[in-house]
Amino acid sequence: MKKNIFKTDLLNGPIFKSIVLFSIPLFVSSLFQSLYSAVDTMIVGNILGDTSLAAVGATLAIFELLIGFTNGVGVGLSIVTARCFGTGDKNILRKSVAFALIIGFSFAVFVSIVGSLSLKPLLTILNTPIEIYEEAYSYISYIVYGASLMFAYNLFSALLRAIGDSLMPFVFLLISSFINIVLDYVFLTYFKMGVDGAAIATVIAQCFSAILCFIYIYKKKNYIIPSREDFKMDKALFKDMFGQGLSLGLMSSIVCVGSVILQFGINGLGKSYIAAHNAGRRAYNIMMLPVLSVGMAAPTFVSQNAGAGNYKRIKIGLRDMYICDIVFSVFIFVLSFFYAKDLIAWITGSSDEIILNAGANYVIVSSAFFGILGILVQSRNSLQGLGAKIVPLYSSTIECLGKILFCFAFVPKFGYNAIIWCEPLIWVVMTIQLVYTLWNSPQLKNRP
């Protein structure tokens with residue numbers, strides 16, 4: 001039988017090769033996710049125009065808040081599952097999956113209810129321009145209604161990655177991305193559904209990816225499917241999983257709350273800068289993927305090896321990941337320096353020089369700091385993989401407070417330039433704190 005090279009053994013063998021092989025499907029899946037977001041933006045901008053593009057952009061921080069929380073909870077739960085997988089105990093592995101399902105879907109219901117009740121107040125607080133308010137509300141409402149589907153896919157894919165399978169979540173995301181793009185075009189061009197059509201297409205695509213993930217687990221990975229017996233309460237494990245899921249969900253949310261507040265400052269600059277930031281953020285999400293993908297591999301690699309007691313392997317792996325960050329970031333910066341404006345023009349379909357120049361400058365400055373961002377992400381994710389719940393929240397709080405400071409102290413004086421420099425400068429401060437904390441943690445400090 002032919003070996004699946006993406007069914008990666010993170011516990012044995014060459015460390016760098018294992019991390020890279022595990023990261024490749026994460027990179028490609030994230031690329032397609034970012035590309036279909038960019039295509040979604042491109043279709044809205046080209047078919048509906050700059051006003052509708054700004055309406056979608058005005059909800060970007062809320063969308064990222066929703067994505068961030070669901071991703072954070074899923075990854076947090078899967079970190080404990082990966083640790084259980086590393087021990088080789090199938091019984092505790094299944095029990096961790098059972099608790100992940102209970103906790104994950106409880107959070108999903110909570111987010112859907114709270115989100116639907118808070119949208120209008122949020123858009124008002126964010127200073128959303130009156131001319132795009134109704135379109136923005138309509139678009140984000142459908143996204144919130146589909147939050148449970150987003151939760152389902154993120155949880156199922158995180159559980160698959162926890163047991164070393166990063167390929168199939170990519171395959172399912174690829175299929176859903178294709179569905180999303182086709183439905184975008186059909187709903188906007190033939191059914192004239194406006195921004196509602198773009199949102200509904202996203203929700204339908206997420207539904208397909210969640211269903212495909214579930215079918216694959218049921219057919220091919222049934223050894224992780226819990227029985228009725230596995231749902232019996234284990235207080236220590238449940239507390240660990242709830243704490244880890246909530247910690248990562250809150251961590252992502254705190255970061256995104258800062259982004260929501262920063263969006264207030266962006267919205268006050270007018271619809272051209274809203275559209276520019278929307279496009280710049282989509283391009284940024286594509287350009288940062290190499291360093292982000294290695295970072296996404298970190299919690300699974302660290303938690304599996306922590307479960308097996310392989311702390312020396314963790315330290316070597318971290319150094320390899322840091323080197324990858326620096327190499328990738330140099331390459332990405334060179335690309336963005338020459339092609340960022342073309343990328344913004346492709347995404348928006350706009351000829352407005354404010355949109356093109358502001359969006360391109362955002363991407364170029366951010367990419368110059370991607371090496372720092374990569375080290376930040378890997379250090380924070382590794383701390384989570386080692387079981388730390390509180391320390392990563394400190395770094396997220398630093399980021400949130402930094403964004404609040406920039407929004408109210410610097411944006412009124414320096415305009416969009418303050419938005420451009422906000423995150424890179426905050427990354428530097430966060431990275432110093434996280435690297436120091438990680439390498440002085442009890443698990444790594446006193447080991448060779």
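This one's a predicted model, so the numbers in the text were calculated from it and none came from an experiment.
The 12-atom threshold is not exceeded at CZ of Phe337, counting heavy atoms of other residues, nucleotides or ligands nearer than 6.0 Å. Open room surrounds OH on Tyr339; 12 or fewer heavy atoms of other groups in view lie less than 6.0 Å from it. The neighbour count for Phe331 CZ, taken as heavy atoms of other residues, nucleotides or ligands under 6.0 Å away, does not exceed 12. Open room surrounds CZ on Phe208; 12 or fewer heavy atoms of other groups in view lie less than 6.0 Å from it. Under a cut-off of 6.0 angstrom, the local environment of CZ in Phe410 is crowded, with over 12 non-hydrogen atoms contributed by other residues, nucleotides or ligands.
Proximity of Tyr416 to Ile419: side-chain heavy atoms (C-beta onward) are separated by under 4.5 Å at one or more points. A 4.5 Å side-chain heavy-atom check between Leu343 and Val363 finds every atom pair outside the cut-off. Phe370 places a side-chain heavy atom less than 4.5 Å from the side chain of Ser367. Considering only heavy atoms from C-beta on, Ile326 comes within 4.5 Å of Ile375 through its side chain. Taking 4.5 Å as the limit, some side-chain heavy atom of Arg161 sits within range of a side-chain heavy atom of Phe22. Between Phe333 and Ile364 the shortest side-chain heavy-atom distance falls below 4.5 Å. Residues Val377 and Val291 are not in side-chain contact: their nearest non-hydrogen atoms beyond the backbone lie 4.5 Å or more apart. Phe264 places a side-chain heavy atom less than 4.5 Å from the side chain of Phe408.
A pairwise comparison of heavy atoms in Leu248 and Gly76 identifies CD2-N, 3.6 Å as the closest pair. The shortest non-hydrogen separation linking Asp230 to Asn91 is OD1-O, 4.2 Å. Residues Tyr218 and Ile225 approach most closely at CA-CD1, 3.5 Å, considering heavy atoms. Taking every heavy atom of both residues into account, Ser396 and Met251 meet most closely at OG-CG, 2.5 Å. The shortest heavy-atom contact between Val56 and Arg282 is CG1-NH2, 4.0 Å. In this structure, Asn12 and Arg313 approach most closely via the heavy-atom pair O-NH2, 3.1 Å.
Interatomic distance, CH2 of Trp427 versus CG of Leu376, reported as 9.0 Å (0.5 Å rounding). Rounded to the nearest 0.5 Å, atoms CZ (Phe85) and CG (Leu11) are 7.0 Å apart. Taken from CD1 in Ile125 to CG in Asn267, the straight-line distance is 12.5 Å, to the nearest 0.5 Å. To the nearest 0.5 angstrom, Cys84 atom SG is 11.0 Å from Gln304 atom CD. For the atom pair Leu10 CG and Ile163 CD1, the distance stands at 12.0 Å (nearest 0.5 Å). Interatomic distance, Asn285 CG to Leu292 CG, rounded to the nearest 0.5 Å: 8.5 Å.
In summary, Lys403 and Glu423 engage in a salt bridge, as defined by a charged side-chain N under 4.0 Å from a carboxylate O.
With Ser78 contributing its side chain and Ala162 its backbone, the two residues share no donor-acceptor pair below 3.5 Å. Formation of a donor-acceptor pair under 3.5 Å by the Lys315 side chain with backbone atoms of Leu444 is found in this model. No donor-acceptor pair under 3.5 Å is formed between the side chain of Asn278 and the backbone N or O of Ile274.
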| request: Start with the C-alpha gap between Gln263 and Thr128, add the side-chain angles, then the distance that decides, and say whether side chain to side chain contact (heavy atoms under 4.5 Å, CB included) holds. | output: CA-CA 9 Å; Gln263 187 74 48; Thr128 306; over 6 Å; no
| message | Applying side chain to side chain contact (heavy atoms under 4.5 Å, CB included) to Ile420 and Phe414, what does each step give before you reach the verdict? | response | CA-CA 10 Å; Ile420 290 172; Phe414 298 105; over 6 Å; no
| request: Give the C-alpha distance, both sets of side-chain angles, the deciding distance and a yes or no for side chain to side chain contact (heavy atoms under 4.5 Å, CB included) between Tyr145 and Ser116. | output: CA-CA 7 Å; Tyr145 296 151; Ser116 61; 4.1 Å; yes
| said: Could you go through Leu66 and Ile140, starting from their C-alpha distance and side-chain angles, then the distance that decides it, and tell me whether this counts as side chain to side chain contact (heavy atoms under 4.5 Å, CB included)? | reply: CA-CA 10 Å; Leu66 188 63; Ile140 197 63; 5.8 Å; no
| task | Quick one: do Phe63 and Tyr139 satisfy ring-ring contact (aromatic ring centres under 6.0 Å, His included)? Show the steps, please. | result | CA-CA 10 Å; Phe63 185 74; Tyr139 175 82; 7.1 Å; no
| Worked verdict on Ser379 versus Tyr322 for side chain to side chain donor-acceptor pair (under 3.5 Å) | CA-CA 9 Å; Ser379 299; Tyr322 289 168; 2.7 Å; yes
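There is no side-chain donor-acceptor pair under 3.5 Å between Gln244 and Asp240.
Taking the six-membered ring for Trp and the full ring otherwise, the centers of Phe156 and Tyr216 sit at least 6.0 Å from each other.
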